Amino acid sequence: MAKTDHIFTCQACGAIWPKWAGKCDACGEWNTLVEESARPVVPGAFAAPVGGGKKGKALTFVELRGEGEPPPRLATGISEFDRVCGGGLVAASAILIGGDPGVGKSTLLLQAAASLARRGASIAYVTGEEAEAQVQERARRLDAADAPVSLAAETDLRKILEGLKALKPDVVIVDSIQTLWADGVEAAPGTVAQVRACAHELVRFAKKSGAVVILVGHVTKDGQIAGPRVVEHLVDAVIYFEGERGMPFRILRAVKNRFGPTDEIGVFEMVEQGLVETPNPSALFLGGSGERPSGAAVFAGVEGSRPVLVEIQALAAPTAYGTPRRAVVGWDSARLAMILAVLETRCGLSFSGRDVYLSVAGGLRITEPAADLAVAAALVSALVDRPLPNGSVVFGEVALSGEVRPAGRTDLRLKEAAKLGFAHAFAPPQKKGGAASGVKLRQIGHISDLAAALGAVE
Ligand code: TYD
Ligand code: MG
């Protein structure tokens, strides 16, 4: 194995190289190689944990069945948070919470820490971002100052680990992983090498001590947690905290969870006294009550186990340029292009001379295919400048053929619509059900049925 004095680590994928190059051959990114500490390397190999070479104990195998009950979960008492985690925190696990700076990660975790501490758990909150006084000030503002949380401001990983070994907490919160540094690694805090080394040690601490380790990670401008996949691979769960600028709503979403589902969301509102749970989020995303203007359609969606009604708004304005604009907030732009193409091809509705803007109310991001029909309804309504029938919801997946496919959980969607006072639903044909909810179904088997129902075609 070649021994070199310097190594160069790709800041995008973590591959290490013996020589500097403009491009990382592992991931194809340019200008991402940064010189880091000296260690023998195999060209292109991912860095191995320090140590090794020692003879260990023989491996013992166990049965899949295991013994006894699954480990109990430690509920934070913030039910929106617990649900996203799969029903509470699992002992000896590591969670990464990512999000834009300022979205409210520190606020959420301080509230969770206080809630856990009040329930009798022992909590360590280690901040590398702020001074102790700043965290104390925030705790006062959040009415959390009396909770028995052990607070420390420190960035030296060695000191943090020593402190944690002495304290033996049930839950450790580290805010943020990018501020920590390990003295064995010759690189600046926040670089892949440091983030990886610090995360690795903290995850190891979690597994060895049985504590839950929650790491905060900042998201870079292209939407990835810095020291990107390196940390995501190391932890058991990756949770993103999202929110639109200027909107009070914050959404917690699991993107990876070894102990639970990844389609649950937790909804919060950021107010003066911190984050407030929103157990019934539909009202938030409906964009006001009363009659809706043209271009607005209410999508009866399901996020995880919970129905969520959300208003989808579309605008189709005459274009001033040769190439019309398509702008989307809260939905996939490729999916919008597909729906526009289907409306054009299957219903003869042309958007080619129009700029199309699509927005999901309240800052929610929708990923369900069942939103297709609601988007189509908003677009058609915007095009013909005629509102949808008052009190109607829409859902269904649209195929390229124009056919509308059934969406799952119809009963759940209709029940929520009925609860919020909606009387009609544009939905794919149902084999059964629908009537019990009190919502009248208007069956849409093909996208042209929708266009006809909205008066866009004969
Ligand atoms: P913060 O938790 O510091 O964000 P992060 O750790 O993700 O960077 O939250 C910062 C924002 O939240 C800040 O702009 C102010 C706002 N905020 C409130 O509106 N109310 C509050 O009670 C608190 C603590 C913060
Ligand atoms: Mg913070």
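Numbering of ligands and ligand atoms starts at 1, following listing order. Keep in mind it's a predicted model, so treat the numbers as computed, not measured. Values below: every heavy atom of this structure, side chains too, minus hydrogens, waters and symmetry copies.
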>> For atom 4 (O) of ligand 1, what's the nearest protein heavy-atom neighbour? Residue, atom name and distance, please.
In response: Gly104 N, 3.1 Å

> Considering distance alone, does some N or O of Asp175 sit under 3.5 Å from an N or O of ligand 1?
Replying inline: no

>> Taking 2.8 Å as the cut-off, does Ser106 contribute an N, O or S atom near the Mg ion (ligand 2), distance below it?
In response: yes

> Which ligand 1 atoms does Asp100 reach within 4.0 Å, using its non-hydrogen atoms?
Replying inline: 7 (O)

>> Quick test of your reading of the structure: of Gly102, Gly98, Gly99, Ser176, whose heavy atom lies closest to atom 10 (C) of ligand 1?
In response: Gly102

>> Out of all atoms in ligand 1, which are within 4.0 Å of some heavy atom of Pro101? Include the element for each.
In response: 8 (O)

>> Give me the nearest non-hydrogen protein atom to atom 15 (C) of ligand 1 as residue plus atom name, then the distance to 0.1 Å.
In response: Arg141 NH2, 4.9 Å

> Of all the non-hydrogen atoms in the protein, which one sits nearest to atom 2 (O) of ligand 1, and at what distance?
Replying inline: Thr107 OG1, 2.5 Å

>> If we set the cut-off at 4.0 Å for heavy atoms, which region of Arg138 has an atom near ligand 1: side chain, backbone, both, or neither?
In response: side chain

> Where does Glu272 meet ligand 1, judged by heavy-atom distances below 4.0 Å: at the side chain, the backbone, both, or neither?
Replying inline: backbone

>> Checking Ser176 against Glu129: is there a side-chain donor and acceptor pair closer than 3.5 Å?
In response: yes

>> Run the side chain to side chain contact (heavy atoms under 4.5 Å, CB included) test on Trp331 and Ile339 for me, step by step, so that the C-alpha distance in whole Å, both residues' side-chain angles and the decisive distance to 0.1 Å come before the verdict.
In response: CA-CA 12 Å; Trp331 208 51; Ile339 298 293; 3.9 Å; yes

> Can you list the atoms of ligand 1 that are under 4.0 Å from a heavy atom of Met270?
Replying inline: 12 (O), 16 (C), 17 (N), 18 (C), 19 (O), 20 (N)

> Is Glu416 salt-bridged to Arg413, going by a charged N under 4.0 Å from an acidic O?
Replying inline: no

> Numbering the atoms of ligand 1 from 1, which are under 4.0 Å from a heavy atom of Gly274?
Replying inline: 20 (N), 21 (C), 22 (O)

> Considering only the protein, which heavy-atom contact is closest to atom 6 (O) of ligand 1, and what is its distance?
Replying inline: Ser106 OG, 2.6 Å

> Is Glu80 salt-bridged to Arg250, cutoff N-O under 4.0 Å?
Replying inline: no

> In terms of heavy-atom contacts, does CG of Asp146 have more than 12 from other residues, nucleotides or ligands at under 6.0 Å?
Replying inline: yes

> Any salt bridge between Glu162 and Lys165, counting N to O under 4.0 Å?
Replying inline: no

>> Under a 4.0 Å threshold between the charged nitrogen and the carboxylate oxygen, would Glu201 count as salt-bridged to Arg204?
In response: yes

> Taking atom types as modelled, is there a side-chain donor on Ser305 or Glu264 under 3.5 Å from an acceptor on the other?
Replying inline: yes

> Does one side chain, of Ser294 or Asp385, offer a donor that lies under 3.5 Å from an acceptor on the other?
Replying inline: yes

>> Quick check on atom 24 (C) of ligand 1 - does any protein heavy atom sit closer than 4.0 Å to it?
In response: yes

> Arg292 side chain to Glu311 main-chain N or O, any donor-acceptor pair under 3.5 Å?
Replying inline: no

> Relative to the heavy atoms of Val271, which atoms of ligand 1 are at a distance of less than 4.0 Å?
Replying inline: 18 (C), 19 (O), 20 (N), 21 (C), 22 (O)

